[in-house]
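Reviewing the structure listed below.
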Amino acid sequence: MKKENDSEVTEFVLLGLSSSWELQLFLFLLFLVFYVAIVLGNLLIVVTVQADAHLLQSPMYYFLSHLSFIDLCLSCVTVPKMLGDFLLQYKVISFSGCLAQIYFLHFLGASEMFLLTVMAYDRYVAICNPLHYLTVMNRQLCFQLVFACWCGGFIHSITQVTLVIQLPFCGPNELDNFYCDVPQVIKLACMDTYVIEVLMVSNSGLLSLVCFLVLLFSYAVILITLRTRFRQGQSKALSTCASHLTVVSLIFVPCVFIYLRPFCSFPVDKVVSVFYTVVTPMLNPLIYTLRNADMKAAMKKRRKARGILLLC
């Protein structure tokens, strides 16, 4: 016989960032500006790198263009839905749409973490072994490393979705967030989820922590090498490492906070989620362009070339 509580949840209600209509309108305008900045900023980096032969041949900028592409896609997973929900009093997402958000959020997020680790290795080779840099970081290896990042993100994400899709959901169906993510969804399952939570923490939490520690160790080695072995070009290398470390902190600290703990709610969780899904993808282009002379020179060159074409 079919039990009464076997009825399946077909949609989730998103509680969002606020229940105040006036505040929601303000947040809509604010995040709309953020989203436009994310799209334009990351597109600018991708187009600039792809259009400049010198930048495209550099492994660092090759990886940077992929990072900007990931940030662009990552923002599209959550922000458009959030903007639409700001104009609605009743915010819902289908069960399949919720799973899709979880899949793409973790697919792109994990791929970005792996890519940042690869970028740290690239800087390590460039600074600690400069004479063999172009030989080691050849085009084929760069392609293979990027491909491995995407494959790693896929494996991580499909594992998350597989664990979630097997859970029974029979109500309640309210998610205390503005998008679907594993910690909030698992709490709504109609069963004891302790084992699943441990698996999720082991997957997402340890992935974030291990990558973060590897990155910190890599940059510590780089900084020690800069201090003890090199004088010429030290300022440029330090500037590049500072940019990378800033991005690493903006991405990994929120992820470690969200995923490397039991799935219990804190008032600051929504703020951290906003930071990870909106603020970081918006700041990355600013960090890399404002602190990078090569990117600014390439953008200036492209702007001049466009002006000449317009005059012609």
Side-chain angles (χ1 to χ4, degrees), residues 14-18 20-52 55 61 63-89 91-93 97 100-109 111-112 115-116 177-181 243-244 246-251 253-255 270-292 294-307 309-310:
L14 301 173
L15 299 184
L17 296 177
S18 173
S20 168
W21 179 247
E22 292 78 11
L23 182 57
Q24 287 190 89
L25 291 177
F26 170 76
L27 291 174
F28 170 79
L29 295 175
L30 178 64
F31 283 102
L32 179 61
V33 173
F34 286 173
Y35 186 55
V36 171
I38 291 170
V39 173
L40 294 181
N42 285 289
L43 273 179
L44 180 62
I45 289 180
V46 173
V47 171
T48 300
V49 173
Q50 295 297 320
D52 190 288
L55 293 182
Y61 294 105
F63 295 138
L64 178 58
S65 66
H66 281 274
L67 179 66
S68 293
F69 177 73
I70 291 175
D71 277 335
L72 177 62
C73 296
L74 185 62
S75 67
C76 294
V77 175
T78 58
V79 181
K81 170 67 176 170
M82 177 177 62
L83 290 174
D85 286 344
F86 280 139
L87 303 178
L88 301 172
Q89 289 287 3
K91 309 168 183 60
V92 296
I93 185 171
Q101 272 198 337
I102 292 174
Y103 171 78
F104 285 108
L105 183 70
H106 286 267
F107 172 48
L108 295 167
S111 299
E112 184 166 23
L115 183 59
L116 287 168
N177 212 331
F178 59 93
Y179 68 96
C180 283
D181 200 3
S243 299
H244 290 197
T246 304
V247 172
V248 164
S249 300
L250 291 173
I251 292 174
V253 172
C255 288
K270 289 184 181 181
V271 177
V272 175
S273 297
V274 168
F275 206 86
Y276 171 65
T277 59
V278 182
V279 178
T280 300
M282 180 185 66
L283 291 180
N284 281 356
L286 296 176
I287 292 169
Y288 278 109
T289 55
L290 292 180
R291 296 184 60 89
N292 194 299
D294 291 336
M295 282 296 299
K296 289 189 284 188
M299 290 178 182
K300 188 176 181 180
K301 177 180 168 184
R302 183 167 176 79
R303 191 163 55 244
K304 286 183 178 179
R306 186 181 300 139
L309 288 174
L310 290 174

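Predicted model only: the values in this text are computed from it and were never measured.
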Taking the side chain as C-beta and beyond, is there a heavy-atom pair between [X] and [Y] under 4.5 Å?
| X | Y | answer |
| --- | --- | --- |
| Met282 | Val79 | no |
| Leu87 | Leu25 | yes |
| Thr277 | Leu105 | yes |
| Ser273 | Asp181 | no |
| Leu17 | Phe86 | yes |

So, for [X] and [Y], which heavy atoms are closest and what is the spacing to 0.1 Å?
| X | Y | result |
| --- | --- | --- |
| Ile102 | Cys180 | CG1-O, 3.8 Å |
| Val39 | Leu72 | CA-CD1, 3.6 Å |
| Lys81 | Val92 | NZ-O, 2.6 Å |
| Ile251 | Cys255 | O-SG, 3.3 Å |
| Ser68 | Val46 | CB-CG2, 3.8 Å |
| Ser75 | Pro80 | O-CD, 3.5 Å |

With distance as the sole test, does [X] use its side chain to make a donor-acceptor pair with the main-chain N or O of [Y] at under 3.5 Å?
| X | Y | value |
| --- | --- | --- |
| Asp85 | Phe178 | no |
| Lys91 | Met82 | no |
| Thr280 | Phe275 | yes |
| Asn42 | Ile38 | yes |
| Gln101 | Val77 | yes |

Can you classify the ring geometry of Phe31 versus Phe34 as parallel (below 30°), tilted (30 to 60°) or perpendicular (above 60°)?
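Because their plane-to-plane angle is over 60°, the rings of Phe31 and Phe34 count as perpendicular.
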More than 12 non-hydrogen atoms from neighbouring residues, nucleotides or ligands closer than 6.0 Å to CZ on Phe28, yes or no?
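Count over threshold, so yes.
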Using a 6.0 Å cut-off, check whether atom OH of Tyr179 has over 12 heavy atoms from anything other than its own residue.
yes
Nearest 0.5 Å, please: how far is [atom2] in [Y] from [atom1] in [X]?
| X | Y | atom1 | atom2 | answer |
| --- | --- | --- | --- | --- |
| Leu74 | Asn284 | CG | CG | 10.0 Å |
| Leu55 | Leu64 | CG | CG | 9.0 Å |
| Phe104 | Cys73 | CZ | SG | 9.5 Å |
| Leu115 | Leu108 | CG | CG | 11.5 Å |

